[in-house]
Each structure stands twice: as structure tokens, then as C-alpha cells.
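See below for the structure under consideration.
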Amino acid sequence: MARVAAEVRRGELIQAAIQVATREGLAATTTRRIAQELGISVGIVHYCFRSKEELLHEVIRVITEAQIVAAREAIVPGADVASSVRNAFLGFWQLVEATPDAQLLTYELTSWALRNAETEPLAREQRASQLAGIEQILDEVSIATGVRWALPTDRLARMTLAITDGVTLGWLVDRDTASAVQALETFADQLLASAV
């Protein structure tokens, strides 16, 4: 078997953990099961990650980063503020619809992390990363369109995260896409009302 660079292997392990967790649930996502997914020894998993917790930390990071990237990449350069905000929500929503199991996994990971003191910082880090990503998008939209936000971006980011989390979780339950998109569009209008 050809030797694989540690960074490449780490990426493969993160994706394997996501696949196992979304297909079989978080409880079944053991280092042994992740190793089986890739056809490698458990020792390789522990060579790349000190623990299952460290690996799941990276899973959280990768999924959260994908959400922010999807929103950011949907913004068309040179667009006005309304189009930029609406496109960011659309990009995020397209990712949610394309990867429902991964989105469900984010809620499972948050609940799992909050259940003990050792992993609780992962939930806080996940939330901080999401908020920072949203703030960055708001700042980029502000700079690109020449508007400023009437409310502090940290407050707007918290509001945005509360809405996107709620809409996503609701959609995972009822799969009512029309209502979910309508809720996001309504919030986008409210967000735009704070652009001056």
C-alpha cells in the first residue's frame, strides 16, 4: 500500500467520519468504524488524530466552513446590497438542501459536545466560527456595496445565525422548502432594512 501524506490522510479521515456519522449516526462513529470506512488500521487514525474528539472537532470545522463558503461564493461581484444579501442566503440554502444529512450532523455534534465538560468547548468554538464567518460576509458586503449597517455586525450575525439555524432545523423536520425559503427571504428583507 502506498504511503499517504499525513495532511492528505487527515482530510480523508474527516470525510470518512462525516460519511459514517451521516449514514449511521454519531454514536456509531468510532475510530474503528472510521478506519474500516477507509480500509486502514485504527493506528493510522490515532497517528493523524490524538482522539475521536479531535477528529470530530475537525468535522465541525469542515461543515461550518462549507456553510460560510457557500454563502460567500454565491455573492456576485459588483452586485448591489440587496442582491448580495439575498444571494448569500440562497447559496447557504442550496448547500442545506444538497447536504441535509451533514446539516443534521451539525446539530448532533453540538448536542454531543454540550453533554460533557471535556467537549463543551467544541460547541462554543463551532458557534464562534459561524458568527465570525457571518460577520465577515456582512463586512464584505458593506465594503463591496458602499453601505454600512445601522446595527453592529456582531448583533446582526447572532440574529442571522438564529434564523438560519431555526429555518434549517425546521426544514430537516418538515422538508417544507417553500416555507423555509420564504422565511429566509423575509429575514433578508429585515436585514436589508438595517443597511444605510
Side-chain angles (χ1 to χ4, degrees), residues 1-73 91-134 160-177 179-181 183-184:
M1 180 183 281
R3 184 174 170 90
V4 178
E7 276 310 302
V8 171
R9 183 64 81 191
R10 284 173 62 89
E12 292 173 349
L13 287 165
I14 292 165
Q15 290 306 314
I18 292 171
Q19 290 168 0
V20 171
T22 57
R23 190 175 58 239
E24 301 172 25
L26 194 55
T29 309
T30 62
T31 54
R32 182 173 306 286
R33 183 63 195 91
I34 294 165
Q36 288 173 347
E37 184 77 7
L38 290 175
I40 60 174
S41 73
V42 175
I44 294 174
V45 179
H46 290 293
Y47 174 77
C48 293
F49 294 97
R50 290 180 301 243
S51 64
K52 173 183 168 179
E53 289 73 23
E54 183 184 15
L55 175 53
L56 290 178
H57 175 270
E58 288 302 303
V59 166
I60 289 170
R61 185 190 60 74
V62 165
I63 293 173
T64 299
E65 188 175 288
Q67 293 170 337
I68 299 302
V69 167
R72 179 178 284 122
E73 288 182 349
F92 164 79
W93 189 251
Q94 287 173 338
L95 177 70
V96 169
E97 282 196 295
T99 60
D101 291 336
Q103 304 312 310
L104 178 58
L105 180 58
T106 64
Y107 297 104
E108 290 179 286
L109 285 165
T110 302
S111 297
W112 165 80
L114 288 172
R115 291 200 180 272
N116 71 68
E118 211 172 278
T119 56
E120 187 180 3
L122 296 180
R124 283 196 299 274
E125 186 175 321
Q126 176 189 17
R127 183 168 173 77
S129 176
Q130 290 170 313
L131 290 170
I134 294 168
T160 301
L161 184 56
I163 294 295
T164 55
D165 267 352
V167 169
T168 301
L169 187 56
W171 179 81
L172 288 168
V173 172
D174 63 24
R175 300 300 166 116
D176 184 347
T177 299
S179 293
V181 170
L184 290 176

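Computed from heavy atoms alone, side chains included, the values below leave out hydrogens, waters and symmetry copies.
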### Task
Of all the heavy-atom pairs spanning Ile34 and Leu55, show the shortest one and how long it is.
CD1-CD2, 3.4 Å
### Message
If we ignore hydrogens and angles and just use 3.5 Å, is the side chain of Ser129 paired with the main-chain N or O of Glu125 as donor and acceptor?
### Response
no
### Message
Checking the side chain of Glu54 only, and the main-chain atoms of Arg50 only, is there a donor and an acceptor separated by less than 3.5 Å?
### Response
yes
### Query
Between Lys52 and Val45, is any pair of side-chain heavy atoms under 4.5 Å apart?
no
### Message
What's the separation between atom CD in Glu108 and atom CG in Leu26, rounded to the nearest 0.5 Å?
### Response
6.0 Å
### Task
Report yes if the side chains of Leu95 and Gln103 come closer than 4.5 Å at any heavy-atom pair, otherwise no.
yes
### Side chain proximity check, Thr29 to Arg33, heavy atoms < 4.5 angstrom
no
### Task
Provide the closest heavy-atom pair for Pro121 versus Ala117 in the form atom of the first, atom of the second, distance.
CD-O, 3.4 Å
### Task
Would you give the length of the straight line joining atom CG of Asp101 to atom CD of Gln19, rounded to the nearest 0.5 angstrom?
11.5 Å
### Query
Taking all non-hydrogen atoms of both residues, which atom of Ala183 and which atom of Val167 are closest, and how far apart?
CB-CG2, 3.8 Å
### Query
Just wondering, do Glu53 and Trp112 contact through their side chains at under 4.5 Å, heavy atoms?
yes
#### Entry: Rounded distance (nearest 0.5 Å) linking atom NE2 of His57 with atom OG1 of Thr119
11.5 Å
### Query
Any idea which heavy atoms bring Leu169 and Tyr107 closest together, and the distance?
N-OH, 3.5 Å
### Query
How long is the span from the OG1 atom in Thr99 to the CD atom in Gln94, to the nearest 0.5 Å?
11.5 Å
### Query
Do Val96 and Trp93 have side chains that get closer than 4.5 Å, going by heavy atoms?
yes
### Task
Starting at CZ of Arg10, measure out to CD of Glu12 and round the result to the nearest 0.5 Å.
12.5 Å
### Query
What distance separates Ile18 CD1 from Glu58 CD, expressed to the nearest 0.5 Å?
10.0 Å
### Task
State, with a plain yes or no, whether a side-chain heavy atom of Thr64 is found less than 4.5 Å away from one of Thr106.
no
### Task
Would you indicate whether the side-chain heavy atoms of His46 and Thr31 approach each other to under 4.5 Å?
yes
### Task
State, to 0.1 Å, how close Leu13 and Cys48 come at their nearest heavy-atom pair, and which atoms those are.
CD1-CB, 3.7 Å
### Query
Would a 4.5 Å heavy-atom cut-off, applied to side chains only, mark Leu109 and Leu122 as touching?
no
### Task
State, to 0.1 Å, how close Leu114 and Ala123 come at their nearest heavy-atom pair, and which atoms those are.
CD2-CB, 3.6 Å
### Task
Kindly write out the residues that satisfy salt bridge (charged side-chain N to carboxylate O under 4.0 Å, His left out) with Arg127, not counting sequence neighbours, or none if the list is empty.
none
### Query
If you count the non-hydrogen atoms of other residues, nucleotides and ligands that lie under 6.0 Å from CZ in Arg23, is the total more than 12?
yes
### Task
Can you tell me which residue pairs pass the side-chain hydrogen bond (donor to acceptor under 3.5 Å, both in side chains) test with a partner in residues 160-175, sequence neighbours excluded?
Trp171-Thr177
